[in-house]
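What follows is a set of notes on a single structure, which appears directly below.
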Amino acid sequence: MSTELQRKIIHIDMDCFFAAVEMREQPALRNLPIAVGGASDRRGVIATCNYIARRYGVRSAMATSQALRLCPDLKVVPGRMSLYKEVSKQVHSIFQRYTKHIEPLSLDEAYLDVSGNRLLRGSASLLAEQIRAEIYQHTGLTASAGVAPNKFLAKVASDLNKPNGQFVIAPQQVDDFVRQMPLEKIPGVGKATLERLHRLNLRTAADIQAVALESLIKQFGKFGVSLYERCHGRDERPVMTERTRKSVGVETTLAEDLTSETACQEVVDQLLPDLLRRIDNADVAHRIDRCGIKLKFADFRQTTVEHKQSAVSRDFLMDLLAEAYQRGQGMGIRLVGISVGLRSTAQAQLALPFDG
């Protein structure tokens with residue numbers, strides 16, 4: 001048996017976390033469609049929403065104006081990040097009762113490696129159930145879980161029985177599970193990549209398994225390797241208990257190519273609240289040392305412009321955008337991304353003012 005098949009990874013994902021906290025704090029909201037996010041103007045962006053709102057098509061990272069068109073009765077409430085962080089600490093303290101091998105991904109999700117765990121007879125499935133029960137007992141919130149031999153499959157599995165459920169992929173089930181998996185489940189397969197895959201008549205992992213690795217690399221570059229590995233159910237990445245974040249970013253692939261710099265500016269304005277939220281979630285504002293813009297052109301070439309900057313500034317991002325847009329010489333834009341680069345933790349500590 002391979003080392004990979006001996007691993008036991010749990011991916012825990014809180015259910016509509018910000019919205020769930022707000023419904024707990026304000027019981028009158030429980031039976032209403034609600035969203036946590038920006039003001040209801042054209043630049044507001046939804047951070048998350050409850051499952052009632054999702055029935056109307058409301059989604060995270062959607063413009064608030066669009067969400068209100070889809071669901072006119074949507075109740076938009078401002079976020080309370082300090083409260084969400086406090087609840088997140090409670091949840092993560094529960095994880096620590098079961099394993100030291102924890103990789104936080106955000107306030108509301110994490111990987112847990114329980115491979116050598118002897119609690120509950122070493123059953124990862126029972127451990128996931130117990131962790132979810134404790135989360136509910138101590139916070140009143142529900143979580144979903146995926147259990148699998150690696151991180152990729154555990155994350156896919158955690159989404160299958162949401163909300164308040166879990167899904168287990170045992171080692172002997174991996175091959176059958178992966179073969180029927182739609183390609184959009186694979187991280188990195190966005191709308192544009194999915195369209196390319198469909199044009200090649202590739203729709204499931206089984207279709208990819210029939211393609212030679214060399215062909216995938218020729219079509220998709222280094223992403224072809226990741227695509228090949230994931231479609232064979234392989235993911236050797238360890239659960240990283242200590243990880244220094246090097247950047248924070250957000251991007252979107254457009255349904256139609258943008259044909260003007262002004263249109264790209266509007267997308268940057270839509271992405272900016274999400275970037276600021278992610279920076280706040282990661283608590284890394286003090287480590288910012290550069291800002292960047294990424295554009296992918298209609299021919300799939302991409303360019304990144306990045307310059308030194310110690311804080312996020314809309315005007316600075318727009319200057320970077322102008323430089324990046326010029327490189328396309330009028331070509332359509334299919335993807336826009338904004339990001340910040342971070343100093344190492346040690347560098348950030350040295351940069352803090354001395355407080356004597």
Answer yes if [X] and [Y] sit in the same cluster of Ile, Leu, Val, Met, Phe, Trp and Tyr residues linked by side chain heavy atoms under 4.5 Å apart, and no otherwise.
X: L83; Y: I94; value: yes
X: L119; Y: L126; value: yes
X: F300; Y: L227; value: no
X: L141; Y: L32; value: yes
X: Y51; Y: I34; value: no

Pair S125-E129, side-chain contact (heavy atoms from CB on, under 4.5 Å): steps then yes or no: CA-CA 6 Å; S125 178; E129 289 179 1; 4.2 Å; yes
Heavy-atom count around [X] [atom1] within 6.0 Å, excluding the residue itself: above 12?
X: R118; atom1: CZ; answer: no
X: N31; atom1: CG; answer: no
X: K162; atom1: NZ; answer: yes
X: Y136; atom1: OH; answer: no
X: F223; atom1: CZ; answer: yes

For [X] against [Y], the heavy-atom pair lying closest together:
X: I10; Y: A128; answer: CD1-N, 3.9 Å
X: V58; Y: C71; answer: CG2-CB, 4.1 Å
X: L317; Y: C291; answer: CD2-CB, 4.2 Å
X: V178; Y: C231; answer: CG1-O, 3.0 Å
X: R132; Y: A143; answer: NE-O, 2.8 Å
X: L342; Y: V248; answer: CD1-CG2, 4.1 Å

Distance-only, no hydrogens or angles: does the [X] side chain make a donor-acceptor pair with backbone N or O of [Y] under 3.5 Å?
X: R343; Y: H286; value: yes
X: T48; Y: A19; value: no
X: K85; Y: D280; value: yes
X: D207; Y: T204; value: yes
X: T253; Y: L335; value: no
X: R230; Y: L153; value: no
X: T139; Y: I135; value: yes
X: R290; Y: S339; value: no
X: R54; Y: C49; value: yes
X: S158; Y: G146; value: no

So that I can tick it off, tell me whether [Y] and [X] are bridged by a salt bridge, with the cut-off set at under 4.0 angstrom between side-chain N and carboxylate O.
X: K151; Y: E103; value: yes
X: D274; Y: R277; value: yes
X: D13; Y: K155; value: no
X: D269; Y: R314; value: yes
X: E251; Y: K296; value: no
X: R327; Y: E323; value: yes
X: R97; Y: E134; value: yes

Flag for S115-D113: side-chain donor and acceptor within less than 3.5 Å: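 A pair is found: one side chain offers a donor N or O, the other an acceptor, under 3.5 Å apart.
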Test side-chain contact (heavy atoms from CB on, under 4.5 Å) applied to R7 and N150, step by step: CA-CA 7 Å; R7 298 170 69 201; N150 61 52; 4.0 Å; yes
Chi angles and distances behind the side-chain contact (heavy atoms from CB on, under 4.5 Å) call for Q309, I288: CA-CA 7 Å; Q309 177 78 350; I288 295 173; 5.7 Å; no
Matching residue for V114 among I131, I9, L120, T99 - test: side chain to side chain contact (heavy atoms under 4.5 Å, CB included): T99
Side chain to side chain donor-acceptor pair (under 3.5 Å) evaluation trace for H232 with Q209: CA-CA 7 Å; H232 284 80; Q209 291 177 8; 5.2 Å; no
V87 and F17: CA distance, side-chain angles, deciding distance, side-chain contact (heavy atoms from CB on, under 4.5 Å) verdict: CA-CA 10 Å; V87 177; F17 182 53; 3.8 Å; yes
Lys NZ or Arg CZ of R80 over F18 ring: under 6.0 Å, within 45°: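 Not satisfied by the 6.0 Å and 45° rule.
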R237 NZ/CZ over F152 ring centroid, <6.0 Å and within 45° of normal: no
Aromatic plane relationship, F95 with H92 - under 30° parallel, 30 to 60° tilted, over 60° perpendicular: perpendicular
Side chain to side chain donor-acceptor pair (under 3.5 Å) between D108 and S106, worked out: CA-CA 5 Å; D108 60 343; S106 63; 2.6 Å; yes
Derivation of the side chain to side chain donor-acceptor pair (under 3.5 Å) call for Y84 and E22: CA-CA 9 Å; Y84 308 148; E22 294 299 337; 2.6 Å; yes
